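Just so you know, these numbers come straight off a predicted model, no measurement behind them. Sequential numbering from 1 along the given sequence is applied to the chain's residues.
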Amino acid sequence: SLPETAISLTEFSGLVNNDSTICAGDSVVLVASGGESYDWGGSNTSPILAVNPTSDQKYKVAVTGTDGCSVEDSIEIEVLSIPNVAIVSSVTPDCPNKSTGSIQVTDNANWQYNWSIDSTGSSISGLSQGYYALTVTDNQGCVDTLSTRLTDPFVMDLVFNETDVECKGSSTGAISVVASGGDTPYAYQWSSNAGGATGSNLTGLSAGTYSLTVTENGTNKCKIVGS
């Protein structure tokens with residue numbers, strides 16, 4: 001008599017049901033049963049067949065029972081396309097340490113967006129420099145991922161050289177500062193306890209903390225603050 005065959009499958013697509021449907025790039029394991037020997041074609045005679053089809057594909061197996069009778073069974077795997085999300089535009093922060101960057105990706109009403117910064121739209125803004133990762137899931141359950149990095153346009157830095165006051169209550173202290181990054185000439189603005197000075201060097205200082213804002217001369221007039 002002919003064997004009663006069955007083909008079961010286990011898919012690794014992340015989809016809810018083992019329904020012969022997988023996402024592109026995923027694999028599936030087919031397991032034939034009901035016979036003594038199996039032939040998937042070629043040299044594969046195991047009841048188990050692992051496949052990774054790139055398009056819709058039908059798989060056939062010849063199952064032979066203990067009495068030598070054979071029957072053929074088949075299963076068709078449908079391969080769904082993944083969302084294929086891409087960056088449409090990416091804007092870096094306009095100044096160091098500012099949150100003015102943005103990222104826009106492919107917009108699709110049938111997709112769900114999950115960013116690493118806990119945002120769920122096709123665009124994110126108010127971004128500082130750093131890495132941003134995105135997972136997109138379409139309405140069939142297929143997933144695509146994307147990551148990108150935003151960088152500051154340049155690095156601004158302040159190096160302070162200080163001379164402490166010689167004696168308690170005296171005004172013999174001094175500070176010089178070296179600014180870097182962005183376009184020169186720099187504009188200097190010291191705190192009010194330095195008399196609102198506007199140069200890179202201060203002298204005749206008493207003990208205390210002095211803060212400085214330096215503005216570079218580029219289009220965005222980027223600033224850095226130090227003390």
Treat each ILVMFWY residue as a node, draw an edge where side-chain heavy atoms are under 4.5 Å apart, and state whether V28 and V79 are in one component. yes
Distance from T135 atom OG1 to Q112 atom CD, nearest 0.5 Å? 11.5 Å
Could you tell me whether a side-chain N or O of N193 sits under 3.5 Å from a main-chain N or O of T209, the two making a donor and an acceptor? yes
Side chain to side chain contact (heavy atoms under 4.5 Å, CB included) assessment of N108 paired with Y113: CA-CA 10 Å; N108 189 308; Y113 300 83; 4.0 Å; yes
State, to 0.1 Å, how close V165 and A207 come at their nearest heavy-atom pair, and which atoms those are. CG1-N, 3.7 Å
What distance separates S211 OG from W190 CH2, expressed to the nearest 0.5 Å? 8.5 Å
Could you state whether V177 and V155 fall into the same hydrophobic cluster, counting links through intermediate Ile, Leu, Val, Met, Phe, Trp or Tyr residues with side-chain heavy atoms under 4.5 angstrom apart? no
For S116 and A133, indicate whether the former's side chain and the latter's backbone hold a donor-acceptor pair under 3.5 Å. yes
Classify the ring geometry between Y188 and Y186 as parallel (under 30°), tilted (30 to 60°) or perpendicular (over 60°). perpendicular
Would you check if the side chain of D67 reaches a backbone N or O of C69 as a donor-acceptor pair within less than 3.5 Å? yes
Using atom types as modelled and distance alone, determine if a side-chain donor or acceptor of W115 lies under 3.5 Å from a backbone N or O of G121. yes
Intermediate values then yes/no, side chain to side chain contact (heavy atoms under 4.5 Å, CB included), L212 and F160: CA-CA 10 Å; L212 169 66; F160 290 90; 4.2 Å; yes
Mind jotting down which residue pairs meet the side chain to side chain donor-acceptor pair (under 3.5 Å) criterion with at least one end in residues 169-178? Sequence neighbours excluded, please. S170-T172
Are I117 and W111 connected, step by step, through hydrophobic side chains (Ile, Leu, Val, Met, Phe, Trp, Tyr) whose heavy atoms are closer than 4.5 Å? yes
What distance do D94 atom CG and C222 atom SG have between them, rounded to the nearest 0.5 Å? 6.0 Å
Determine, using the 4.5 Å side-chain heavy-atom cutoff (strictly less than), whether L150 and F154 are members of one ILVMFWY cluster. no
Using the rule side-chain contact (heavy atoms from CB on, under 4.5 Å), only one of T45, D73, I75 pairs with V61; which is it? D73
Less than 4.5 Å apart, any side-chain heavy atom of D183 and any of E216? yes
Show your reasoning for whether side chain to side chain contact (heavy atoms under 4.5 Å, CB included) applies to T215 and K223. CA-CA 4 Å; T215 305; K223 302 177 185 293; 3.0 Å; yes
Taking T106 for the side chain and A86 for the main chain, is one N or O donor matched with an acceptor at less than 3.5 Å? yes
OG (S128) and NZ (K98) are apart, to the nearest 0.5 Å, by 12.5 Å
Please check this pair: side chain of S70 against backbone of A62, looking for a donor-acceptor N/O pair closer than 3.5 Å. no
A side-chain contact here means heavy atoms from C-beta on lying under 4.5 Å apart; do Q189 and T198 qualify? yes
Residues K60 and W40: closest non-hydrogen pair is O-CE3, 3.4 Å
Any donor-acceptor pair under 3.5 Å from N44 side chain to S46 backbone: yes
So how far is it from N220 CG to N217 CG, rounded to the nearest 0.5 Å? 11.5 Å
Do I87 and V136 belong together in a cluster built from hydrophobic side chains that touch within less than 4.5 Å? yes
For Q57, does the CD atom have more than 12 heavy-atom neighbours from other residues, nucleotides or ligands under 6.0 Å away? yes
Among T145, V143, L134, the one residue meeting side-chain contact (heavy atoms from CB on, under 4.5 Å) with V85: L134
Measure across C142 and P83 and return the closest heavy-atom pair with its distance rounded to 0.1 Å. O-CG, 3.6 Å
Which pair of heavy atoms, one from D138 and one from S81, lies closest together, and at what distance? OD2-O, 3.7 Å
P93 and L127: which non-hydrogen atoms are nearest, and at how many Å? CG-O, 3.7 Å
Going from CD on Q129 to CG on N97, what distance comes out if it is rounded to the nearest 0.5 angstrom? 6.5 Å
So disulfide (SG to SG under 2.5 Å) across residues 151-195, not counting sequence neighbours, yields none
Trace of the side chain to side chain contact (heavy atoms under 4.5 Å, CB included) decision for R149 with T151: CA-CA 6 Å; R149 181 187 180 192; T151 58; 3.7 Å; yes
Smallest heavy-atom separation, E78 atom then D56 atom, equals CA-OD1, 3.4 Å
